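For reference, the structure is listed below as structure tokens.
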Amino acid sequence: MADSTALAPATPVTTLIVTPQQYTQKLQTWQANYHVLAPFSQISTLPPNFGLMYTAVTINPDAKSLDGDVYDNAGGKLPWLQNNERALAKRGLRKIAEALGISYTTERTDPRTIANYWEIKAVATYLGLDGAVIRRESTQDWDLRDGSPRTKGFSANQLSEARKNGLRNCETRAINAVIRECGTGLPQKFTAADLVKPFIGVRVVYQPDMTDPDTRRILTERHLAGTSALYPASRQLAEPAFDDIEHDDAPAPQQRQQAAPPIDAPGSSEPDPSEAYGPIKALRSEPKKRKSGDGTFLKWFAVDAHGVEHNTIRADIGRVLQQHFEAKTPVQIISEDDGYNGLSILEVEPYSGGAQGLPGMGSL
């Protein structure tokens with residue numbers, strides 16, 4: 001099981017930093033207008049053929065936006081978030097990981113013999129200043145067994161729905177945690193005003209000597225390795241000399257037979273639940289009485305492309321769901337088990353979205 005990091009939301013800058021003096025000057029320029037994300041504040045030197053690339057990332061501070069970069073405490077169920085504070089959501093963290101050159105994979109580490117229990121280890125890697133690959137790990141578990149503290153307050157239907165997305169929720173938390181382990185000092189939360197400033201991500205990159213023909217050849221071969229594996233070039237065999245030609249009475253060579261490919265067993269392939277993109281199948285809203293007895297509020301119930309029901313009491317998310325449902329546009333609904341209402345919606349992500357350049361990047 002692996003999670004792809006093929007997002008491209010950031011705007012790269014082509015000028016590389018190759019000296020400590022250049023890095024110090026850039027830091028002084030950035031600190032007034034950017035949140036600087038780097039595992040080092042000063043450097044003494046850089047190895048030959050290595051440099052620092054910096055990338056600007058914008059995070060939309062509007063929790064009601066379809067971008068889904070952040071979430072807030074509009075539902076009142078996140079006591080660690082104040083009303084004017086925002087936390088980075090899945091999409092925002094993936095943008096920052098891309099800018100920092102962080103790659104990650106996930107592995108399921110539970111024995112798979114315990115029903116309704118999941119444990120995922122996420123491993124992140126990135127280049128250090130000396131060119132060595134730095135590795136970070138984070139393991140998260142998700143326990144929805146009967147009697148578990150996470151299931152407290154769940155109805156039978158809510159618990160059944162929560163268990164359908166148990167693996168997906170566990171994997172998301174492991175990835176989010178390992179991105180924060182990569183030594184950039186990324187805060188847990190921001191005010192909305194803080195997020196007006198973009199982020200600058202600094203990453204170490206290898207700069208090969210492209211004037212050397214052997215280096216160019218090796219790099220080209222590596223980039224085309226996948227194509228060569230799919231379409232291998234036919235080998236050119238030397239023509240045999242006359243004395244090497246076999247006579248007609250020699251035994252004919254046996255023809256090589258190619259074994260038929262194995263037939264997959266029925267039902268052996270299942271869709272990846274982490275890629276539940278598609279239109280909303282059903283949407284309804286129900287009035288609910290407030291505990292104080294003062295009036296009612298609406299609660300929305302949405303069924304995603306996999307037939308899983310999610311819910312929210314946030315009016316802004318309800319409006320977004322209604323827009324996508326009426327337009328029949330594909331979305332991904334990101335939820336978490338809140339211990340009371342089942343799969344409570346945190347964000348709604350559109351299927352497609354383009355990167356926007358950051359104005360003024362040429363002056364960096």
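None of the values given here were measured: they were computed from a predicted structure.
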With heavy-atom distances below 4.5 Å as the criterion, would you say the side chains of [X] and [Y] are in contact?
X      : Y      : result
Thr125 : Tyr104 : no
Trp30  : Val202 : yes
Val348 : Ile334 : no
Leu167 : Arg108 : yes
His310 : Phe301 : no
Ile280 : Val331 : yes
Ile175 : Arg94  : yes
Thr151 : Asp146 : no

Identify all side-chain donor-acceptor contacts of residues 177-190 below 3.5 Å with residues at least two apart in sequence or on another chain.
residue: Arg180; atom: NH1; partner: Pro187; partner atom: O; Å: 3.0
residue: Lys189; atom: NZ; partner: Trp80; partner atom: O; Å: 2.9
residue: Lys189; atom: NZ; partner: Glu85; partner atom: OE1; Å: 3.4

Measuring from [X]:[atom1] to [Y]:[atom2], what's the distance to the nearest 0.5 Å?
X      : Y      : atom1 : atom2 : answer
Arg91  : Gln332 : CZ    : CD    : 10.0 Å
Gln21  : Thr19  : CD    : OG1   : 4.5 Å
Asn73  : Gln82  : CG    : CD    : 8.0 Å
Leu159 : Asn116 : CG    : CG    : 7.0 Å
Leu93  : Glu98  : CG    : CD    : 13.5 Å
Glu119 : Cys170 : CD    : SG    : 7.5 Å

Below 3.5 Å, can you tabulate the donor-acceptor pairs from side chains in residues 136-144 to any protein atom, sequence neighbours excluded?
residue: Glu137; atom: OE2; partner: Arg135; partner atom: NE; Å: 3.1
residue: Glu137; atom: OE2; partner: Arg135; partner atom: NH2; Å: 2.9
residue: Trp142; atom: NE1; partner: Asp337; partner atom: OD2; Å: 3.1
residue: Asp143; atom: OD1; partner: Arg145; partner atom: N; Å: 3.0
residue: Asp143; atom: OD1; partner: Arg145; partner atom: NE; Å: 2.9
residue: Asp143; atom: OD2; partner: Arg145; partner atom: NE; Å: 3.4
residue: Asp143; atom: OD2; partner: Arg145; partner atom: NH2; Å: 2.9

Is any NZ, NE, NH1 or NH2 atom of the basic residue among [X] and [Y] found under 4.0 Å from an Asp or Glu carboxylate oxygen of the other?
X      : Y      : answer
Glu286 : Lys288 : yes
Arg314 : Asp316 : yes
Glu171 : Arg168 : no
Asp69  : Lys95  : yes
Arg112 : Asp110 : no
Glu309 : Arg284 : yes

Going by atom types only, do [X] and [Y] share a side-chain donor-acceptor pair under 3.5 Å?
X      : Y      : result
Asp209 : Thr211 : yes
Thr191 : Asp194 : yes
Asn60  : Arg86  : no
Thr215 : Asp212 : yes

Checklist line | same_hphob_cluster(Leu88, Val196) at 4.5 Å side-chain heavy-atom cutoff | finding: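 Cluster IDs for Leu88 and Val196 differ.
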Next item on the list: Report the C-alpha separation of Val70 and Ile59 in whole Å, then their side-chain angles, then the decisive distance to 0.1 Å, and conclude whether the side-chain contact (heavy atoms from CB on, under 4.5 Å) test is met.
Entry: CA-CA 8 Å; Val70 299; Ile59 297 293; 3.7 Å; yes
Check: side-chain contact (heavy atoms from CB on, under 4.5 Å) between Val204 and Leu129: does it pass, once the steps are laid out?
Finding: CA-CA 6 Å; Val204 180; Leu129 275 177; 4.1 Å; yes
Check: Looking at residues at least two apart in the chain, or sitting in another chain, which of them share a ring pair (Phe, Tyr, Trp, His ring centres under 6.0 Å) with Tyr117?
Finding: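 For Tyr117 there are no ring pair (Phe, Tyr, Trp, His ring centres under 6.0 Å) partners, ignoring immediate neighbours.
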Check: Taking only residues two or more places apart in sequence or in another chain, which ones pass ring pair (Phe, Tyr, Trp, His ring centres under 6.0 Å) with Phe40?
Finding: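 If we apply the ring pair (Phe, Tyr, Trp, His ring centres under 6.0 Å) test to Phe40, skipping adjacent residues, the hits are Tyr23.
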Output a table of donor-acceptor pairs, distance under 3.5 Å, between side-chain atoms of residues 317-326 and any protein atom two or more places apart or on a different chain; print 'none' if there are none.
residue: Gln322; atom: NE2; partner: Glu326; partner atom: OE2; Å: 2.8
residue: His324; atom: ND1; partner: Thr329; partner atom: OG1; Å: 2.6

Note to self: Starting from Leu219 and following side-chain heavy-atom contacts under 4.5 Å between hydrophobic residues (I, L, V, M, F, W, Y), which residues can be reached?
What the structure shows: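 Leu219 clusters with Met210.
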Non-hydrogen atoms of [X] and [Y] that approach each other most closely:
X      : Y      : result
Asp130 : Pro47  : CA-CG, 3.8 Å
Tyr126 : Gly101 : CB-O, 3.7 Å
Phe50  : Leu127 : CE2-CD1, 4.4 Å
Ile333 : Ala302 : CD1-CB, 4.2 Å
Thr220 : Arg216 : OG1-O, 2.8 Å
Thr58  : Pro198 : CG2-CB, 4.2 Å

Next item on the list: Assess whether side-chain contact (heavy atoms from CB on, under 4.5 Å) is satisfied between Asn49 and Tyr206, documenting all intermediate values.
Entry: CA-CA 6 Å; Asn49 296 109; Tyr206 176 64; 3.6 Å; yes
Margin query: Between Leu37 and Ile200, does the side-chain contact (heavy atoms from CB on, under 4.5 Å) criterion hold? Intermediate values first, please.
Written below: CA-CA 6 Å; Leu37 300 178; Ile200 284 284; over 6 Å; no
Next item on the list: Look at the side chain of Thr172 and the backbone N and O of Asn169, then say whether any donor-acceptor pair between them is shorter than 3.5 Å.
Entry: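 Not a single qualifying donor-acceptor pair exists.
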